[in-house]
J.: 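The structure is given below, and queries will be raised subsequently.
What you see below is based on every heavy atom in this structure, not just the backbone, and it leaves out hydrogens, waters and symmetry mates. The sequence lines fix the lettering, A, B, ..., with proteins before strands; numbering per chain opens at 1. As the structure is a computational prediction, the values presented were derived from the model and not from experiment.
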Number of protein chains: 2
Amino acid sequence: MNAASSNPGTRERLVAAMREALSRRGYHGIGLNELLATAAAPKGVLYHHFPGGKSELAIAAIAAVAEELAGSLDTLMLRAGGDPAGALEAWMGAAQKLLERSGFERGCPLATVALETTPEDRALRSALASVFAAFRAHLASALAGAGIADSRARSLAALIVSAYEGALLQARVAGEVQPMRDTSQALLDLIRLSLPGVKGA
Amino acid sequence: MNAASSNPGTRERLVAAMREALSRRGYHGIGLNELLATAAAPKGVLYHHFPGGKSELAIAAIAAVAEELAGSLDTLMLRAGGDPAGALEAWMGAAQKLLERSGFERGCPLATVALETTPEDRALRSALASVFAAFRAHLASALAGAGIADSRARSLAALIVSAYEGALLQARVAGEVQPMRDTSQALLDLIRLSLPGVKGA
DNA sequence: GACTCTATAGACCAGTCGGTCTAGTGTCAA
DNA sequence: TTGACACTAGACCGACTGGTCTATAGAGTC
């Protein structure tokens with residue numbers, strides 16, 4: 001592979017540009033020309049690497065996000081010494097900082113596209129659905145590993161993801177982190193209160 | 001007003017069409033021509049009623065949603081006999097039904113636009129921000145009315161809205177209500193567990 | 001009946017959209 | 001040296017975008 005590439009990072013640049021665009025403006029919010037300009041790539045190159053065009057590139061970007069997600073969850077759990085509440089706190093805090101640092105422009109790269117899709121966008125939706133499902137499952141297993149019963153862990157994982165996405169949304173339109181801070185505080189309070197046996201709580 | 005209107009509901013039809021479009025496809029997802037077609041209105045009429053064009057119409061639709069929101073929250077609280085957990089359960093259940101009935105096409109009419117906006121879309125963002133803030137405040141006062149301390153009520157309100165939006169998002173892409181069911185179950189469990197004194201719990 | 005004002009109606013516009021197509025360019029293997 | 005192949009490059013396309021403009025219809029006032 002990469003036999004005659006005079007510009008080896010093109011594909012990656014495209015994916016990165018799409019990822020960035022998704023987290024700032026969503027799928028319909030970014031035009032191909034603008035995207036190509038930020039990636040410093042001409043049109044032909046997009047359709048060479050992604051014959052399916054814009055939507056295929058978006059799916060690739062989503063896959064890239066998914067990979068990163070799982071990794072950072074593990075890192076956070078490790079750093080928090082296996083305490084899910086501590087990891088969650090760190091997670092929410094990091095998201096707040098990212099939001100603030102970007103002037104409330106960058107949010108979750110998955111959420112916007114997720115809401116923009118219709119059931120007709122089969123490929124895009126199923127890609128998103130499986131990323132969310134995988135992340136919930138990953139999170140649930142981390143919770144189960146901390147001693148929470150399986151079915152409980154599953155519903156709690158869903159709540160955590162929901163709270164995260166909803167908090168990001170509210171903080172973003174508000175242009176201030178307060179809704180996110182409130183959300184994470186309430187969530188952490190409830191979790192720590194209900195799981196007194198969990199280490200680190 | 002309405003002096004020479006041969007078609008009295010035009011403005012309302014436009015707002016309704018935009019509202020529907022926002023909950024299905026978001027702001028960028030719907031074209032003016034398509035919107036006008038579903039509202040059975042020609043272009044001139046849109047710019048007559050909404051000189052600011054598409055975005056002004058969207059703001060009107062958002063305002064309409066806001067009005068309805070406050071009303072239905074009060075209704076639910078009343079029906080639940082003042083028990084916030086019961087009202088929340090009914091609320092989440094209703095959202096699930098709406099989602100299923102629409103084939104997972106209709107979501108929250110605010111969430112998608114909220115994520116699509118950038119800080120440059122000042123009018124749209126501030127309209128959305130104030131709707132969310134008002135709804136959180138309304139919810140918080142309902143919680144405070146049920147005996148929860150003010151600061152606690154505020155953060156809990158933020159969590160509830162976050163969980164609602166995030167759950168809707170996940171269920172929608174998944175094409176199944178499970179993530180929403182899980183989210184609301186976990187949330188209700190935690191709330192009921194932590195607030196044993198609240199009547200109806 | 002003439003004038004005014006609100007509302008309806010849709011032709012029309014420049015700009016942009018996502019996507020296609022053809023023409024190079026550089027590096028292999030033979 | 002030649003041909004194959006991966007990749008880059010951007011002109012070009014029809015469709016559609018949000019928005020403007022002019023024409024008309026109909027009720028109210030005098």
J.: Could you pull out all residues at least two apart from B:Arg181 that satisfy salt bridge (Lys or Arg N to Asp or Glu O under 4.0 Å)?
T.: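 Not a single residue meets the salt bridge (Lys or Arg N to Asp or Glu O under 4.0 Å) criterion with B:Arg181.
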
J.: Which pairs pass ring pair (Phe, Tyr, Trp, His ring centres under 6.0 Å) with one or both residues in residues 139-185 of chain A, sequence neighbours excluded?
T.: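 Qualifying pairs: A:Trp91-A:Tyr164.
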
J.: Quick one: does any side-chain atom of B:Glu116 pair with a main-chain N or O of B:His28 as donor and acceptor, under 3.5 Å?
T.: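 Looks like yes, one N/O pair under 3.5 Å.
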
J.: Quick check for you: among C:dT6, C:dG10, D:dT8, whose closest atom lies nearest to any side-chain atom of A:Val45?
T.: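 Shortest atom-to-atom distance from the side chain points to D:dT8.
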
J.: Show the atom names and distances, to 0.1 Å, of all donor-acceptor pairs under 3.5 Å that link a side chain in residues 45-64 of chain A to residues at least two apart or in another chain.
T.:
| unit_1 | atom_1 | unit_2 | atom_2 | d |
| --- | --- | --- | --- | --- |
| A:Lys54 | NZ | A:Tyr27 | O | 2.8 |
| A:Lys54 | NZ | A:Ile30 | O | 3.0 |
| A:Glu56 | OE1 | A:Gly52 | N | 2.5 |

J.: Got a sec? Which of residues 16-23 of chain A come in under 4.0 Å of DNA chain D, heavy atoms?
T.: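 DNA chain D contact set from residues 16-23 of chain A: none.
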
J.: Between B:Glu56 (CD) and D:dG18 (C1'), how many Å, whole number?
T.: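 In whole Å, D:dG18 C1' and B:Glu56 CD are 14 Å from each other.
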
J.: Identify every side-chain donor-acceptor pair in residues 150-160 of chain B under 3.5 Å, counting partners at least two apart or on other chains, and give the distances.
T.:
| unit_1 | atom_1 | unit_2 | atom_2 | d |
| --- | --- | --- | --- | --- |
| B:Arg154 | NE | A:Asp182 | OD2 | 3.1 |
| B:Arg154 | NH2 | A:Asp182 | OD1 | 3.1 |
| B:Ser155 | OG | B:Arg152 | O | 3.2 |

J.: Applying side chain to side chain contact (heavy atoms under 4.5 Å, CB included), name anything that partners A:Glu89, two or more places apart in sequence or on another chain.
T.: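 Counting only residues at least two positions away or on another chain, A:Glu89 forms a side chain to side chain contact (heavy atoms under 4.5 Å, CB included) with A:Leu188, A:Arg192.
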
J.: To the nearest Å, give me how far apart CG (A:Leu36) and C1' (C:dC17) are.
T.: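 Checked: the CG to C1' distance equals 13 Å.
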
J.: Could you give all pairs that pass the side chain to side chain donor-acceptor pair (under 3.5 Å) test and reach residues 122-137 of chain A, with sequence neighbours left out?
T.: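 Checked against side chain to side chain donor-acceptor pair (under 3.5 Å) - neighbours excluded - the pairs reaching residues 122-137 of chain A are A:Thr117-A:Arg125, A:Arg136-B:Gln170.
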
J.: Can you sort out which residues in residues 118-129 of chain B have a heavy atom within less than 4.0 Å of DNA chain D? Ascending by number, please.
T.: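 Close to the strand, none.
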
J.: What is the separation between atom NE2 on B:His48 and atom C1' on D:dA23, rounded to the nearest whole Å?
T.: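 Taking NE2 of B:His48 and C1' of D:dA23, I get 15 Å after rounding.
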
J.: Given atom CZ of B:Phe50 and atom P of C:dT8, what is their separation to the nearest angstrom?
T.: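 After rounding, the gap between these two atoms is 11 Å.
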
J.: Atom CG of A:Leu46 to atom P of C:dC17: distance rounded to whole Å?
T.: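 Rounded to the whole Å, the gap is 14 Å.
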
J.: Among the nucleotides D:dG19, C:dT20, C:dT8, which one has an atom lying closest to any side-chain atom of B:His49?
T.: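 The answer is C:dT8, which lies nearest to the side chain.
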
J.: Students often get this wrong, so: under 4.0 angstrom with heavy atoms, is A:Lys54 touching a base, only sugar-phosphate, or nothing?
T.: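 Here A:Lys54 touches the backbone only, sparing every base.
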
J.: Check whether any side-chain nitrogen or oxygen of A:Thr10 sits under 4.0 Å from OP1 or OP2 of D:dT8, and answer yes or no.
T.: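 Indeed, a polar side-chain atom of A:Thr10 lies that close.
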
J.: How would you list all residue pairs meeting side chain to side chain donor-acceptor pair (under 3.5 Å) that involve residues 59-79 of chain B, not counting sequence neighbours?
T.: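 Passing the test, one end in residues 59-79 of chain B: B:Arg19-B:Glu68, B:Asp74-B:His138.
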
J.: Could you give the distance from CD (A:Gln96) to CG (A:Leu99), rounded to the nearest 0.5 Å?
T.: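 Reported value, rounded in 0.5 Å steps: 8.0 Å.
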
J.: Which residue pairs satisfy the ring pair (Phe, Tyr, Trp, His ring centres under 6.0 Å) criterion with at least one member in residues 100-122 of chain A, sequence neighbours excluded?
T.: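 Applying ring pair (Phe, Tyr, Trp, His ring centres under 6.0 Å) to every pair that reaches into residues 100-122 of chain A, excluding sequence neighbours, yields nothing.
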
J.: For A:Lys43 and for B:Tyr47, find the nucleotide of DNA chain D with the closest heavy atom, then tell me which residue's nucleotide is more 5'.
T.: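 Nearer the 5' end of the strand: A:Lys43.
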
J.: Does any residue of residues 26-35 of chain A have a heavy atom under 4.0 Å from DNA chain C, and if so, which ones, in number order?
T.: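 By residue number: A:Ile30, A:Gly31, A:Leu32, A:Asn33.
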
J.: For residues 99-113 of chain B, pull every pair meeting side chain to side chain donor-acceptor pair (under 3.5 Å), keeping only residues two or more places apart or in separate chains.
T.: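 Qualifying pairs, neighbours excluded: B:Arg24-B:Glu105.
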
